[in-house]
Structures are given as C-alpha cells and as structure tokens.
There are 2 protein chains.
Amino acid sequence: MKRPTIADIARRAGVSKGAVSYALNGQPGVSEATRKRILAIAQEIGFNANSAARALSGARARAVGLTLCRPARILGIEPWFMGLISGFEAELGAHSYALTLQVVATPEQEIEVYRRWWGERRIDGVIVTDIREDDVRIPVLQQLQLPAVVIGGPGDTGSIAQIWSDDAGAITEAVRYLVALGHHKIARVSGVPDLLHTQVRTKAFNEVCASLGLDNVITLPADYTGEEGSRATRRLLIGGDRPTAIIYDNDVMAVAGLAVAQEMGLSVPGDLSIVAWDDSPLCSLVHPPLTALSRDISAYGAQAARELLNAIDGKKVGNVEAGRVHLTPRGSTAPPR
Amino acid sequence: MKRPTIADIARRAGVSKGAVSYALNGQPGVSEATRKRILAIAQEIGFNANSAARALSGARARAVGLTLCRPARILGIEPWFMGLISGFEAELGAHSYALTLQVVATPEQEIEVYRRWWGERRIDGVIVTDIREDDVRIPVLQQLQLPAVVIGGPGDTGSIAQIWSDDAGAITEAVRYLVALGHHKIARVSGVPDLLHTQVRTKAFNEVCASLGLDNVITLPADYTGEEGSRATRRLLIGGDRPTAIIYDNDVMAVAGLAVAQEMGLSVPGDLSIVAWDDSPLCSLVHPPLTALSRDISAYGAQAARELLNAIDGKKVGNVEAGRVHLTPRGSTAPPR
DNA sequence: CGGCGCAACTTACCCGGTTCAGTGACTTAC
DNA sequence: GTAAGTCACTGAACCGGGTAAGTTGCGCCG
C-alpha cells in the first residue's frame, strides 16, 4: 500500500507539486479556491507529509531528545521523570513535535547520544536533566550548538537556557514548619551530592538551621534509591541522639525511611516526623501519608519544553524560575512526643 | 557550524559520493584500502549520516513508536512502563533504532498517533500495550500494514505478533502458596477488567480456587491506581467475613492495600497476607516488604523489541510466550492467625 | 594480441517535500 | 494604448544519502 505524496495530490488537483506545498503550508501563492480543493483532496486520501523529506529540505526534524541517565531500577519508581515526560508531551504535542527517548548509563554515553542525534539531524534540541557542577555536557552542547534546555539550577550554563525552581525557599519552609511544630533535632537524607540542586538544598538547609539556632543538624548523602534511603535512615535512628524529624530529597527514600522506622518499632509521626521532597501519589499511598514538598512537575516539564521550542526557533531564552514548591502537610508530621 | 555530509568526505578522499556510500555501508564496490581511508576520514570529521536523507531514500526511519495510554498520575509510579522502556532500549539501541514516545488519553487518540507516525514515515513499527478484547487498534494496524508487536495476550491479533507471559500459571502458584500457608478466604483486587490479561488472570483465579474447594472467593475490579486499590481493600476488610489474604494485580494497589490495613489496625501478615503482582523496588521499599509475583520486565521488553525488529524486517513472527513469572515470598505473607 | 571478466570506481537519478526564479494572464495607471 | 504591477501558478534546483547502470583499467586466457 503506497502512501500518498504531494505529487499524488498535485496530479489529482491538476496543479504542480509546488502549488500543493504552498497550499498545505498556508503560504501565499495559491488562490483560496485552489487551496480548499487541495486541502480537501489531502484530507480525502489521508495525506501526511513525509517527515524525512520535510526534514531533509532544510527544515526541522520536529523532534526533541531526552536521555535518562539512571539505572532502570530507579527510573521505574521515580515518579519524577514520568511527570516531566508527560509535561513535555503536552507542550510538544501541541506543536506536533515528537519526543525521542534514550536510556543511558553515564554522562559520557549521554554525550555520545547527543552527538549522534544531532549529527543524524534526528532531533532539533535536547532537554538535559540532573545537572552537576561543571557539568561535562554543557561545553559539548555549546560546541555542537545544539539547542538545549537545562532543568535544575541555577548554575553556570553559559548561553544555554535553564529552568529551575526555588529549592532553597522550599527547604527553608520545611525546616521552619518542623521547628514550629517543636522539632529541634532535624536530619536530612539528600540525593546524589554532585547534583547541583542537591548542593543548593544542602546549603539552604544548613543556613536556615543555623539561623534558627539548631545544632545537631546532619545531612547524610544518598542516591535517591530506596536501599540508600533505608541505610541512611538506619544510621540516623540507631544513634543515641536520634533526630525527631527527617527531610528526604525524594519520595522513594522517604517511603523507605518510613518502612525503616516502622521496622524499628518507631511510630510515625509520634517518634519521628517525615517530610518528602517531590510529592507524588506514592506519598499518599503509604500509611501514614507523607507530608511533602509539592510542585507541579508536569507544568515544570511543559515550561521546559516551551523554552526549548523557543531556543530551537532561535529566540533568546534565559534563566527561568518555574514550578513553585509548596509544603503539603499530611499525616507523617506532628509535634515530637 | 555546517555538519559534514558524504560529499565532504568524498571531496577529502578524492572519490565520488557513491564510493563513500558503499564504503560506509560495508557494500562491495570499493577496495579495502579506500574503504579504510574513507572510514578514517568519516571518523576524523565526526560524520553521522543524516537520518532524514537515509529514511527518504527508501530505507527505514530507524525508529519505533510507543504510546502510553494512562493518565500521568499513574504512569509516574507504575514501574511497569519504565521497566518495559528500558528493556526496549537495550535491544533497540543495539540496532541503533530510536524510541519515540507519546502520551495519549484514549485508544482513539492512540490510533490517530499511529496513523500520523506511519503516514509521516516517522517510525517503522509500534509496540502496543494494554490490549483489550476485540481491541479497536488491531484492525487499524492491520489495515495500515504497520509492523507491530502486541504485549499481553494471548488474544486474537490476526497477523500481528504478540508476546505474553503465563499469567494463569502465576496466579495459580500464588493461590496454591496461600492455601499451603493455611488461607481459605482469599480475595483479589484486579486491574481494569476490560484488559485481556486481567480476564486471563480472573479466569485462572476462579478456576484454581474452585479446584481447591475454596468458596467465598471474590475479585473486586479496580484500575491500578492507589485510590482504587485502597477503596477495594476497604470494602474487602470492613465485611464481617473478611479475607485473610489478598492478591493485587499490581504493586501500587498492593502498597495502597497495605496502608489501608495498617490504618485499620490490622497486622500484616498476622491478620492479612498480601501478594503483589509485578515485583518492583516498591515492593521491597515498604514495611513489611511485599511477597510478589516477579518477572523480568526489562527482559520482557527486550524480547518484544526483538520481535518488532523481526516484524519490521518482514520476518515471520508469531505468538511468543516470554517473561517467566515466579513467586518471591517476602514478609507480607504468613499463615493466618 | 584481441577479447573477456572483474574489481573499482563514477555518473546519474531516485526518494518527497521546500523554495526560488520565472511565466503568463489580468488588472491598474497614466 | 501600453507600461508596470500583481496574482496564481509552473518548473527546476535542492536537501543528503542510496543504488542501478555505465565506465574505466587491469590481469588473464586462448
């Protein structure tokens, strides 16, 4: 079954290929009557422009790329990426851009994928996540002149657009809330320490704790996995001077922490209050439901996609703050006994 | 920065475009010395073949499509899809195929996406999930002659390849295990009843229960979300004659069920045993960790991708059983008190 | 030594859109 | 009445790689 081309339409309409192209793209150069006739024929025979041909003649690939640089084990339960992806799609779909996905193991492999995609003109731009300090991907993207949007910051990304949320403000709010409840010994289980937003959070956490006169403040580094979350929680809870509240850098570790507390016979929130970063259905799923720092990840993703499309169009894009974070109190926080 | 083309290579090597094409594709028609020289130049200037040009000249788009037809809320925490995706990628990456993703709301929208992708020659094939009885997508795929692999079955997919796992055997094993522990009142919270694999499981569940002489057997339909899982669990547990064990059709509902039991003051596994379908880190994350029906979803996805690539190559593909399911006992199951 | 066969290329056209430089026909302007 | 301008469209080049058909040059054989 041969799929129709503009030549087929041209033949049936009795005009040239060029006229059909103008008609379909809303360009001037054809009369309104002819345009209608051509559009009707296109509709009738179910015409879709061959994306390859379109991409070849100087135009766009009309696709953007996203790499996921985490082991499949984590990707599965982290709601974050899926939320982000559905946000992208809402925006990309509206502009009939496709999203091309690739799971990679290392930043080096990720760079290779960018090179290949860009070299093959498979994509018009990429969305970069999990940004680190002095990220090796940034100079490569600049050198390739590959349109990109970095999610997470703010950091030094040169000419590349970035979009970030006020993590410092959020963690400050969480600590203030716990202190207002009466907590003095607050600990934190962080994500991967290399990541820029982890550093932002750690800095803000230390600052707000200092300003509120809290001592005994500790941040244990982890890696977003349940295993590490459990391990860190156990370390925090077996000490003699154990914290009465723990803030986790993601929901998965918070749920794991909750399980450890229950396993050790501690009551949540009676003996231990828990705050999760990034609200997700997971937080409401467990008992007690977890107090969380919520933000609309889909909207955040949509905003990122919008910025990327602007960057692809050669528009000036900068440093955008988006995705307001707010505290959603649930059953996992209470005054300490 | 102009990206290099085969014409650039040809100029530098002092040969024609055609020779370069032969050399790069391992075709006969160039001497070994020339081939090496051309490959070296390609390497040096970082050449990647323009995928659009390649796709245009009769070849393949070297991409396959996957649509996700679930609300973002669910997609986020269901490890299933991410596991599947990383499985696809392992296989697709090895053949340098890209994966194009689209989130859709309805099967009708999904069909539209297939039509567009195929019309645009953006993809060479699709992977279809969540198959229903008399699925509306099947006849469309056949009419379009779009290579496809259906995940979940076995069902009536005509000429389209399908890949499925032995769900009936798995649920039989789970029920036998619970009966061996001493349970007589076993309930089940199922996924969306329209889905083919839900029906397979329900049928097998009823059969094994009947054969073991269990009465009081009930399957409550739900939709894989935590909310529905909680609701169904509550309905099961408030009755006078409440079950001592519940089997859930996915991990998310099982975790939600666990939370409901804890909230109602029931001990798991003392008062209630819980079995989750589809093991994932989520099952080991909670307390107690959930006994689960495990299978290697990534491998399952990889197998599906392999079948799809075969279908794209015009090879005969059929009805493949893969992804052996086995029971992984953990802390959520025990003899009833 | 002519002719054959073959390796190692080159030439030229194809894929299906986009785009730009024409080309008539028709209108408007002086 | 004719030059200028506009409109609606045509024809052809182009994007970059794939490939069938044609062209060398060379070795080998009778």
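As a basis for the values below, the full set of heavy atoms in this structure was taken, side chains included, without hydrogen atoms, waters or symmetry mates. Reminder, nothing fancy here: chain letters follow the sequence lines and each chain counts from 1. As the structure is a computational prediction, the values presented were derived from the model and not from experiment.
Each of dT18(C), dC9(D), dC9(C) was ranked by its minimum atom distance to the side chain of K17(A); first place goes to dT18(C). Side-chain proximity of T34(A) to dC9(D), dG18(D), dT19(C): nearest is dC9(D). Counting only heavy atoms from C-beta on, S21(B) has its side chain closest to dT19(D) among dC9(C), dG16(C), dT19(D). The side chain of A19(A) lies closest to dT10(D) when the candidates are dG17(D), dG17(C), dT10(D). For S31(B), taking side-chain heavy atoms from C-beta onward, the closest of the listed nucleotides dG17(C), dG17(D), dA8(C) is dA8(C).
Distance R122(A) CZ to dG17(D) C1': 14 Å, rounded to the nearest Å. Between the CD1 atom of I6(B) and the P atom of dC14(C) there is a distance of 17 Å, rounded to whole Å. Put simply, CD1 on I9(A) is 15 Å from P on dC9(D), counting in whole angstrom units. The CZ-P distance, from R37(A) to dA8(D), rounds to 13 Å in whole Å. The separation between R121(A) atom CZ and dG17(C) atom C1' is 16 Å, rounded to whole Å. When rounded to the nearest whole Å, the span between CG of N48(B) and C1' of dG17(D) equals 13 Å. Rounded to an integer number of Å, the gap from CG of D8(A) to P of dC15(C) is 11 Å. Put simply, CG on L56(A) is 14 Å from C1' on dT19(C), counting in whole angstrom units.
Across the interface with DNA chain D, nearest-nucleotide mapping of F47(B) and Y22(B) shows F47(B) to be the residue nearer the 5′ end. Of the two residues near DNA chain C, G18(A) and G14(B), the one whose nearest nucleotide lies more 5' is G14(B). Mapped onto DNA chain C by nearest heavy atom, G29(B) and N25(A) fall at different nucleotides, with G29(B) at the one closer to the 5' end.
Across all their heavy atoms, P147(A) and I312(A) have their closest contact at CB-CG1, 3.9 Å.
Counting only N and O atoms by type, the side chains of S159(B) and Q142(B) include a donor and acceptor under 3.5 Å apart.
Nucleic acid contact class of S16(B) (heavy atoms, under 4.0 Å, all strands): base. Among the heavy atoms of the strands, none lies under 4.0 Å from V20(B).
For dG16(D), the OP1/OP2 oxygens have no side-chain nitrogen or oxygen of R54(B) closer than 4.0 Å. Distances shown here put every side-chain N or O of N50(A) at or beyond 4.0 Å from the OP1 or OP2 atom of dC15(C). Taking side-chain N and O atoms only, Q27(B) has no distance below 4.0 Å to OP1 or OP2 of dG18(D). An OP1 or OP2 oxygen of dT19(C) is reached within less than 4.0 angstrom by no side-chain nitrogen or oxygen of S57(A).
Using a 4.0 Å cut-off between charged nitrogen and carboxylate oxygen, R12(A) and E44(A) count as a salt-bridge pair.
Heavy-atom neighbours of N25(A) CG from other residues, nucleotides or ligands within 6.0 Å: above the threshold of 12.
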- Message: For D313(B) and R60(B): C-alpha separation, side-chain torsions, deciding distance, then whether salt bridge (Lys or Arg N to Asp or Glu O under 4.0 Å) applies.
- Response: CA-CA 10 Å; D313(B) 281 347; R60(B) 302 270 151 75; 3.3 Å; yes

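Within the 4.5 Å cutoff, no side-chain heavy atoms of I163(A) are placed close to those of N319(A).
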